[in-house]
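Both backbone and side-chain heavy atoms feed into the values below; hydrogens, waters and symmetry mates do not.
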Amino acid sequence: MKHILLVLLSGILATVFVACENQQSFKVSGNTIKIGFIGPMSGSDEMWGKSGLLGSQIALQIKPYLMNGDRVELIVEDDRNSPQLAVAALRKLAVTDQVSAVLIMSDSETVLRLKEDAAVYKTPILALNATHPDITNSDYISQLTFNDSIQGTVAALYVIDELLIEHVAVFKDVSQPYSAFLADTFTHTFTEVGGTVELVEFGQGSTAHIDSLERLKDQGITFLYTPLTVEQILGIGLEIRKTSWHPKVMATDGLLSQFILQYDEQIAVVEGMLATDLYTTGVTKTAFGKEIYRIYQKDFKELGTTFTLLGSEGIALLMAAIDRCDNSSDRDCINRSLRKTNDFEGYLGKISIKENGQAERAIFINQIVNNHLMFIVKIY
């Protein structure tokens, strides 16, 4: 599956980086600044964290120093995608390790729990993978991804305006903030423009989403919006394959990468599905990605995914923000600088972070074909 990353990595990062051999404009200072990296490095979601860390390591191999000559050291903490462990990890990084900033690869539910603690420690956090818009209700947490308000709205408008489907089923796991918010956003947008929705609500551990499939089939539903976990989508996909029913299914960001990392032997289940995502194949990528591609091929054997791209973009963007501060340990300056990121050249285009901590970047609608995210449309 390594070829999947080789397609994606043809243009990961920003030209803000200058390759090490070209860094002649400064002297190494002899100082080290620390950046925290929190993510699930063990447990059921461990491949998220490991894949994201891989991306940060690739980027740091290209640019290990800030423009003032300070070396960057990553301090990695395992939170197992647990809110409680993430809180403890942030406390250690902020107080004991005295990091300048933190990258976190955990999901929305975990990052939402850090809002108060980030303010207490006044430590800037860049959420690499969390898309719930409420995480930026803290002055010290910013997002690298588009948020779910955008993701859900774009998905709904694409279905009704481009696919011309006016009656759909939406799955909502009320126990998951990510699922609930996306389902509500899609439903609100879709019905506002004249569509109708069959809502399938269920709670943690419930199989209602599986039990509802026969009913949806009998109702003539031809489209399913599924902002769910990979395990839940796998269950739906396997059940549908037992029938003669062939509805279109749309999932959300990171679906293909999670299947590659966790359910590679059953990846055929997602073949043909639509997915909103941060990345795609078949469009022009940034020039600096060629260097990332070269470094990955030369020095890294691990499997890479969308999470790898997020890790690479995240560390690059954060270092660019730190470079705009006179003191690379000034957390307040770094936080302000991070939230004044304008037109950072990322994997497939420009990324900006507004003063409210929310990112502005392109969103892609793809179809999963032969284990690739095949480009359909770009919305910015």
Side-chain angles (χ1 to χ4, degrees), residues 11-19 22-23 25-26 33 35 55-56 59-60 62-63 65-68 70 72 100-104 111 118 122-151 153-154 253 277-280 283-289 291-292 306 309-364 378-380:
I12 295 179
L13 291 177
T15 52
V16 67
F17 274 159
V18 180
N22 295 328
Q23 291 184 9
S25 60
F26 67 87
I33 69 122
I35 293 175
S56 295
L60 283 174
I62 295 173
K63 187 190 175 187
Y65 296 96
L66 297 171
M67 295 307 295
N68 65 2
D70 289 356
V72 174
S100 294
V102 172
L103 302 171
I104 184 164
V111 179
K122 300 188 183 302
T123 300
I125 298 173
L126 182 60
L128 305 179
N129 186 41
T131 53
H132 197 292
D134 288 351
I135 70 171
T136 58
N137 288 347
S138 164
D139 291 338
Y140 284 88
I141 302 179
S142 301
Q143 283 174 310
L144 179 63
T145 64
F146 48 68
N147 71 52
D148 291 332
S149 295
I150 296 169
Q151 183 172 194
T153 299
V154 165
D253 60 292
D277 214 296
L278 297 145
Y279 308 108
T280 189
V283 301
T284 302
K285 303 171 180 65
T286 57
F288 191 78
E291 181 67 9
I292 293 293
T306 290
L309 305 181
L310 287 169
S312 298
E313 281 188 341
I315 190 70
L317 189 149
L318 179 56
M319 289 174 66
I322 297 173
D323 276 333
R324 295 192 291 272
C325 293
D326 293 334
N327 181 347
S328 53
S329 297
D330 185 341
R331 293 174 176 174
D332 284 329
C333 177
I334 294 168
N335 193 57
R336 292 192 302 272
S337 178
L338 190 60
R339 290 181 166 217
K340 292 181 180 178
T341 297
N342 291 310
D343 292 338
F344 176 87
E345 190 172 307
Y347 169 47
L348 291 177
K350 304 295 185 181
I351 303 170
S352 297
I353 299 179
K354 299 180 290 185
E355 290 188 6
N356 64 2
Q358 295 183 358
E360 292 182 339
R361 61 182 300 161
I363 179 171
F364 296 91
K378 173 184 178 180
I379 297 97
Y380 190 84

T136 side chain vs G357 backbone, donor-acceptor pair below 3.5 Å: no

Between atom CE of M67 and atom OG of S328, what is the distance when rounded to the nearest 0.5 Å? 13.0 Å

Using the side-chain contact (heavy atoms from CB on, under 4.5 Å) rule, take V111 and I125 through it: C-alpha gap first, then chi angles, then the decisive distance, then the call. CA-CA 10 Å; V111 179; I125 298 173; 5.6 Å; no

Rounded distance (nearest 0.5 Å) linking atom CG of N147 with atom CD of Q358: 4.5 Å

Of all heavy-atom pairs linking L126 and G314, the shortest is CD2-O, 3.7 Å

Would you call N129 and T145 a side-chain contact if the rule is heavy atoms closer than 4.5 Å? no

Non-hydrogen atoms of S312 and G55 that approach each other most closely: OG-O, 2.8 Å

Would you please test Y279 and L310 for side-chain contact (heavy atoms from CB on, under 4.5 Å) and show each step? CA-CA 10 Å; Y279 308 108; L310 287 169; 3.4 Å; yes

Kindly compute the distance separating SG (C325) from CZ (R331), expressed to the nearest 0.5 Å. 13.0 Å

Just verifying a value: how many Å separate Y140 OH and D332 CG, rounded to the nearest 0.5 Å? 4.0 Å

Does I141 offer a backbone N or O that forms a donor-acceptor pair with the side chain of R339 under 3.5 Å? yes

Sole residue of N68, L66, I334 in side chain to side chain contact (heavy atoms under 4.5 Å, CB included) with I33: L66

Would a distance-only check, ignoring hydrogens and angles, find a side-chain to backbone donor-acceptor pair under 3.5 Å from R361 to G349? no

How far apart are the closest heavy atoms of I351 and T341, and which atoms are they? O-CG2, 3.8 Å

Using modelled atom types and a 3.5 Å cut-off, is there a donor and acceptor pairing between side-chain atoms of S352 and backbone atoms of D343? yes

For P124 and N335 the tightest heavy-atom approach is CB-OD1, 3.6 Å

Sorted by chain and residue number, the side chain to side chain contact (heavy atoms under 4.5 Å, CB included) partners of D148 (sequence neighbours excluded) come out as T131, H132, P133, Q151, Y178, F181, L182

Side chains of I315 and K63: does their closest heavy-atom pair fall under 4.5 Å? no

Rounded distance (nearest 0.5 Å) linking atom CG of N342 with atom CD of E360: 9.0 Å

K378 side chain reached by V283 side chain, heavy atoms, under 4.5 Å: no

Pairing of E355 and K340 as salt bridge, 4.0 angstrom limit: no

Closer than 3.5 angstrom, by distance alone: can the side chain of Y347 be matched with the main-chain N or O of T280 as a donor-acceptor pair? yes

Any donor and acceptor pair, going by atom type alone, linking the side chain of D253 with main-chain N or O of L278 inside 3.5 Å? no

Sub-4.5 Å side-chain heavy-atom contact between I322 and S337: no

If every non-hydrogen atom of F344 is compared with every non-hydrogen atom of A320, which pair is closest and at what distance? CE1-CB, 4.2 Å

So L348 and F364, do their side chains get closer than 4.5 Å, heavy atoms only? yes

For the SG atom of C333 and the CG atom of N327, what is their distance to the nearest 0.5 Å? 8.0 Å

